[in-house]
Amino acid sequence: MIDHSKAIKQGNLVEVRNLKKYFPVQKGYLEQILAGRVDYVRAVDGVSFDIRQGEAFGLAGESGSGKSTIGRLVIGLDTPTEGQVTFDGIDLSTQSSEEMRRLRRRMQVIFQDPMASLNPRMTLGEAVSQGLKIHFAELANQHREMVMRVFDRVGLTPAQYFYNKYPHQISGGQRQRVVIARALITQPDLVLADEPIAMADVSVRALLLDLMVQLKKELNLTYLFITHDLATAKYICDRIGILYLGRMAEVGDLPEVYSTPLHPYTRALMAAVPVPDPHERRTTLMPEGEIPNPINPPSGCRFHPRCPYAQAICSQEEPVLRELRPEHQVACHFAEQFLE
Ligand code: SF4
């Protein structure tokens, strides 16, 4: 049998320090000669945060904020340009490919598009047992039973019915449950959930989130939950980091950040979340324009071209993350104005 015990220290499961990821911009040969330099997209540009054992840590921001790139770096699917990711005390940059392969059993992914991440020629049983073949080959005679158990756990019942089906023969919500089952089959400690319900029907989104909350409790999972939708993050996350153009704008306990958002960007994102009461007034201005080009980000505070509160210093000095309230950090020169 598999040993279910998890030898994880209390405290941080993941520590991310000054993480950077730059992608070279593809140019034509002549263009490159004329430019005389290589330009880089600074997708992630000096981000630090911790993920505590057993929590759901959310990363939120607009498209282009760098959240998915950070997710891939945290679970070792990509290597950083600079900085460090530590998982359960292990610096990922020191691991050989064989060591990374073993470590991957403990770090699994739920991507947003289940159809794209399931092989249409594999039955659901075969797809989910792939991880067992890699990480628990010695238990081959138990694989079928293990897949059945995980199907039961994610609500694919009767498990026997689903085992021999193909992805196109089930609904979108059921496919996402298969993807969750595939992530759980190796008994991971950390699950990266990258917009896991973004492609699901509205009618099943709450059910999938409920399932993820329940699995987190039952299996003592730790989530890195990536989303552009603050309403979804509120449902599942214990703490949240708000990203803007590859930098952390604000990070803290979720109820604290939601009750007292201290960064103008967070306040604008929250103003965009629909509320059920039509009489509730919104006083925060939405930022104008689009997220700037990450090849050449604005000087000083990267949010200053869109910020309704910007002053002269904002285009000159980059604000650093500082703790203004317990368990609540913000990178803004003028965040004090939002303290209650
Ligand atoms: Fe706005 Fe200035 Fe704060 Fe940046 S530092 S968010 S530009 S007020």
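Whatever order the structure lists them in is the order used to number ligands and atoms, beginning at 1.
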- Note on the structure: Within 4.0 Å of some non-hydrogen atom of His263, the atoms of ligand 1 are 6 (S)
- What atoms of ligand 1 come within less than 4.0 Å of a heavy atom belonging to Phe334? 8 (S)
[atom]: nearest protein contact (heavy atom, Å):
atom                    : answer
atom 2 (Fe) of ligand 1 : Cys314 SG, 2.3 Å
atom 1 (Fe) of ligand 1 : Cys307 SG, 2.3 Å
atom 5 (S) of ligand 1  : His333 N, 3.3 Å
atom 4 (Fe) of ligand 1 : Cys301 SG, 2.4 Å

- Measure centre to centre between the rings of Phe49 and Phe57, then say whether the value is under 6.0 Å. yes
- Task: Would you please indicate if the ring centroids of Tyr244 and Tyr265 are separated by under 6.0 Å?
- Result: yes
- Message: If you compare all heavy atoms of Met100 against all heavy atoms of Ile75, which two are closest, and at what distance to 0.1 Å?
- Response: CE-O, 4.2 Å
- Message: So, 2.8 Å as the limit: is an N/O/S atom of Cys332 located closer than that to atom 2 (Fe) of ligand 1?
- Response: no
- Under-4.0 Å heavy-atom contact with ligand 1, by part of Gln311 that carries it: neither
- Residue Lys20 excluded, over 12 heavy atoms near NZ under 6.0 Å: yes
- Member of His135, Gln108, Arg105, Gln130 meeting the side-chain hydrogen bond (donor to acceptor under 3.5 Å, both in side chains) criterion with Thr186: Gln108
- Ignoring hydrogens and angles, tell me if any N or O in the side chain of Glu82 forms a donor-acceptor pair with the backbone of Lys21 under 3.5 Å. no
